[in-house]
Amino acid sequence: MLRIEHYSKTYPGGKRAVDDVSLHVRPGEIYGFIGHNGAGKTTTLRAVAGVMDFTEGTIVIDGYDVKKNPIAAKRVTAFLPDNPDLYEFMKGITYLNFIADLYDIPADQRTADIQKYGDAFELTGNLGSPIGSYSHGMRQKLALISAFIRRPRLLILDEPFVGLDPAASHLMKGYLEELCQKGSAVFFSTHVLEVAEKLCHQIAIIKDGRLVKCGATAELVGDSSLENVFLELEGE
């Protein structure tokens with residue numbers, strides 16, 4: 001579903017933010033991308049999503065090269081940054097229909113999915129209000145709904161649990177698993193290591209722009225915990 005091969009990103013001035021990263025996310029997998037602040041997580045996610053150019057390597061999503069065929073790659077992808085930009089002047093329902101129009105989602109499908117996710121996240125009653133009046137948590141829920149209604153082949157999330165209450169976090173985890181059961185994949189970063197350990201099939205740990213550990217979660221963690229593995233690698 002996602003193939004990153006020898007990806008590197010160098011910023012103007014020579015700062016190398018990510019150095020020769022390669023990883024593969026298969027259909028049906030939830031893949032966790034772990035690292036300290038500034039390690040290169042967000043830079044990588046933004047490159048995968050096609051919103052940031054990169055220096056070297058290739059990134060392919062569901063067969064589409066993000067550089068050679070960016071529109072096709074984006075049509076099968078949904079990306080939620082850690083602080084999604086939403087149009088505050090729009091009503092929630094207007095925004096969701098705007099996203100549905102962009103992705104050519106049929107009327108009956110969008111109506112059913114907006115109802116499903118709006119009710120589940122307890123946001124249906126607020127969809128008629130301007131986004132500018134939403135709390136941070138409500139905005140995060142709206143952004144999640146806008147991603148789920150696309151039924152993406154690859155869902156990319158940067159710190160998705162920030163701003164969500166425990167009930168919404170639980171719901172989101174269930175919907176991520178549901179998405180993967182239908183053959184899609186999830187690639188996300190998080191600082192909530194306990195959640196990553198329980199939720200992810202695969203884990204990659206990045207440090208100072210380079211992958212230092214990756215593999216099946218159970219094998220990577222062993223008899224320890226993801227937190228202990230991460231702290232040991234950070235101390236090296």
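These figures come from a predicted structure and were not determined experimentally.
- Think of Y11 as one node in a network of Ile, Leu, Val, Met, Phe, Trp and Tyr side chains linked at under 4.5 Å; its network also takes in M52.
- Sorted by first and then second residue, the pairs that involve residues 169-178 and meet side chain to side chain donor-acceptor pair (under 3.5 Å), not counting sequence neighbours, are K116-E178.
- With K207 contributing its side chain and L233 its backbone, the two residues share a donor-acceptor pair below 3.5 Å.
- Side-chain contact check for V229 versus L193: every heavy-atom pair is 4.5 Å or farther apart.
- Look at D165 and K141 and you find a salt bridge, because one of the NZ, NE, NH1 or NH2 atoms lies within 4.0 Å of a carboxylate O, short of that distance.
- Heavy-atom neighbours of D85 CG from other residues, nucleotides or ligands within 6.0 Å: at or below the threshold of 12.
- Evaluation of the salt bridge (charged side-chain N to carboxylate O under 4.0 Å, His left out) test over residues 32-42, restricted to residues two or more places apart or in two chains, returns none.
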Inset, instruction - Step by step, work out the side-chain contact (heavy atoms from CB on, under 4.5 Å) result for V60 and L2. - result: CA-CA 6 Å; V60 178; L2 168 64; over 6 Å; no
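- Annotation for A185 and V25: closest pair CB-CG1, 3.8 Å, computed over non-hydrogen atoms.
- Although no hydrogens or angles enter the test, the distance criterion places no donor-acceptor pair under 3.5 Å between the side chain of R153 and the main chain of D62.
- At least one side-chain heavy atom of T77 sits less than 4.5 Å from a side-chain heavy atom of I156.
- In this model, a donor atom of one side chain and an acceptor atom of the other lie less than 3.5 Å apart for D119 and Q115.
- Here T94 pairs with M90, K91 under the side chain to side chain contact (heavy atoms under 4.5 Å, CB included) rule; sequence neighbours left out.
- Of the candidates I206, T44, I4, I4 is the only one forming a side chain to side chain contact (heavy atoms under 4.5 Å, CB included) with L23.
- Sorted by first and then second residue, the pairs that involve residues 188-197 and meet side chain to side chain donor-acceptor pair (under 3.5 Å), not counting sequence neighbours, are N37-H191, D158-S189, E159-H191.
- Sorted by first then second residue, the ring pair (Phe, Tyr, Trp, His ring centres under 6.0 Å) pairs that include residues 36-83, not counting sequence neighbours, are Y7-F54.
- Side-chain contact check for L127 versus I114: some heavy-atom pair is nearer than 4.5 Å.
- Annotation: side chain to side chain contact (heavy atoms under 4.5 Å, CB included) contacts of D113 (sequence neighbours excluded): Q109, Y117, I149, R151.
- Between F33 and F187, the ring-plane angle classifies as tilted under the 30° and 60° cut-offs.
- Residues that satisfy the side chain to side chain contact (heavy atoms under 4.5 Å, CB included) test with R16, not counting sequence neighbours, are S8, T10, D19, E56.
- Using modelled atom types and a 3.5 Å distance limit, the side chains of H24 and E5 yield a donor-acceptor pair.
- Qualifying salt bridge (charged side-chain N to carboxylate O under 4.0 Å, His left out) partners for E227, counting only residues two or more places apart in sequence or in other chains: none.
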Legend entry - Steps toward salt bridge (charged side-chain N to carboxylate O under 4.0 Å, His left out) verdict (R75, D104): CA-CA 10 Å; R75 289 193 70 83; D104 296 322; 3.0 Å; yes
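- The stretch residues 149-169 participates, sequence neighbours left out, in no ring pair (Phe, Tyr, Trp, His ring centres under 6.0 Å) pair at all.
- Each side chain to side chain donor-acceptor pair (under 3.5 Å) pair with one or both residues in residues 127-140, not counting sequence neighbours, appears once here: E88-R139.
- The shortest heavy-atom contact between V66 and A73 is CG1-CB, 4.0 Å.
- Considering every non-hydrogen atom in both L211 and S22, the closest pair reads CD1-O, 3.4 Å.
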Inset, instruction - Would you please test F188 and I30 for side-chain contact (heavy atoms from CB on, under 4.5 Å) and show each step? - result: CA-CA 8 Å; F188 80 102; I30 300 177; 3.5 Å; yes
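- Using a 4.5 Å cut-off on side-chain heavy atoms (C-beta onward), K9 and V21 make no contact.
- Legend: residues meeting side chain to side chain contact (heavy atoms under 4.5 Å, CB included) with A78, ordered by chain and number and at least two apart, are A147, R150, P152, L155.
- Judged by distance alone, with hydrogens and angles left aside, the side-chain atoms of E29 form a donor-acceptor pair with the main-chain N or O of R26 at under 3.5 Å.
- A salt bridge links D53 with K67: the distance from a Lys NZ or Arg NE/NH1/NH2 to an Asp or Glu carboxylate oxygen falls below 4.0 Å.
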